[in-house]
Peer 1: 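There's a structure below that I have some questions on.
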Amino acid sequence: GNSVTQMEGPVTLSEEAFLTINCTYTATGYPSLFWYVQYPGEGLQLLLKATKADDKGSNKGFEATYRKETTSFHLEKGSVQVSDSAVYFCALRALTGGGNKLTFGTGTQLKVEL
Amino acid sequence: DGGITQSPKYLFRKEGQNVTLSCEQNLNHDAMYWYRQDPGQGLRLIYYSQIVNDFQKGDIAEGYSVSREKKESFPLTVTSAQKNPTAFYLCASSIYGVRMNTEAFFGQGTRLTVV
């Protein structure tokens, strides 16, 4: 079946540090890939997406490139801020026997300190 | 403003009681979803619906029931058969259930505590 694997958290960084959160996936066919962000006590918000191989999604300084050869979609940001502290979820949408649905990773908590 | 509204934000129930969580969207989306979130386990799909009057079980449907009588509404009932109902419940919707490049939009969630 489809699955998403994210690096374990929490990840703790100093402000202005470089961020990488690893995400790899297993899916049939050609999935679309997403990163969502969740702030404490809230629902999920779409951060960025990529729908085909070699696409790069970007938003608010975050980037991720759809790498089909390594089945990866790692999230990066060049300089994190305290306001980026949140939980980040990698997700995919792919065809399954019952249609298509979103499959999520377990989430990676990011803490950014001054 | 368009969006997804979940209510209530916090819900307390006694063990053995059924409880219904509300989810309404005014985005004109065809597909709606219910997820359960537990610490360290990410999101797990309970039920989803791609059109009115139709829905499918997700990965953890046991102890839950849903209905989709209107496009805008997808209520979730947590029954007394659900062994561990205390969790954060998230409702989501997307434009076309069968298209793969469409993202889901989420509500703010309902935190259910069973005592």
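Residue numbers start from 1 in every chain, and the chains themselves are labelled A, B, ... in the order their sequence lines are given, proteins ahead of strands.
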Peer 1: Within residues 103-114 of chain A, which positions have a heavy-atom distance to chain B below 4.5 Å?
Peer 2: F104(A), G105(A), T106(A)

Peer 1: Which other residues belong to the hydrophobic cluster containing Y47(B), where Ile, Leu, Val, Met, Phe, Trp and Tyr are joined when side-chain heavy atoms lie under 4.5 Å apart, directly or via other members?
Peer 2: L11(B), V19(B), L21(B), M32(B), W34(B), I46(B), F55(B), I60(B), Y64(B), V66(B), F74(B), L76(B), V78(B), Y89(B), L112(B), V114(B)

Peer 1: Within a reach of under 6.0 Å around CD of E15(B), are more than 12 heavy atoms found that belong to other residues, nucleotides or ligands?
Peer 2: no

Peer 1: Does atom OH (Y10(B)) have a neighbourhood of more than 12 heavy atoms from anything else shown, all under 6.0 Å?
Peer 2: no

Peer 1: Applying the 4.5 Å side-chain criterion to the ILVMFWY set and letting contacts propagate, would M7(A) and V80(A) be lumped into a single cluster?
Peer 2: yes

Peer 1: In terms of heavy-atom pairs under 4.5 Å with chain A, which of R111(B), K9(B), Q37(B), K57(B) leads?
Peer 2: Q37(B)

Peer 1: Heavy-atom pairs under 4.5 Å with chain B - which of V4(A), L46(A), L33(A) has more of them than the others?
Peer 2: L46(A)

Peer 1: Does any heavy atom of chain B fall under 4.5 Å from the side chain of Q38(A), the backbone, both, or neither of them?
Peer 2: side chain

Peer 1: Side-chain heavy atoms nearer than 4.5 Å, only ILVMFWY residues, links allowed to pass through others: does that put L44(A) and L92(A) together?
Peer 2: no

Peer 1: In this structure, would Y39(A) and L75(A) fall into the same cluster of hydrophobic residues linked by side-chain contacts under 4.5 Å?
Peer 2: yes

Peer 1: Surrounding CD of E76(A) (heavy atoms of other residues, nucleotides or ligands, distance under 6.0 Å), is the total greater than 12?
Peer 2: yes

Peer 1: Could you tell me the separation between the OG1 atom of T51(A) and the CD atom of E103(B), rounded to the nearest 0.5 Å?
Peer 2: 10.5 Å

Peer 1: So, do L43(B) and L102(A) sit near enough that their side-chain heavy atoms are less than 4.5 Å apart?
Peer 2: no

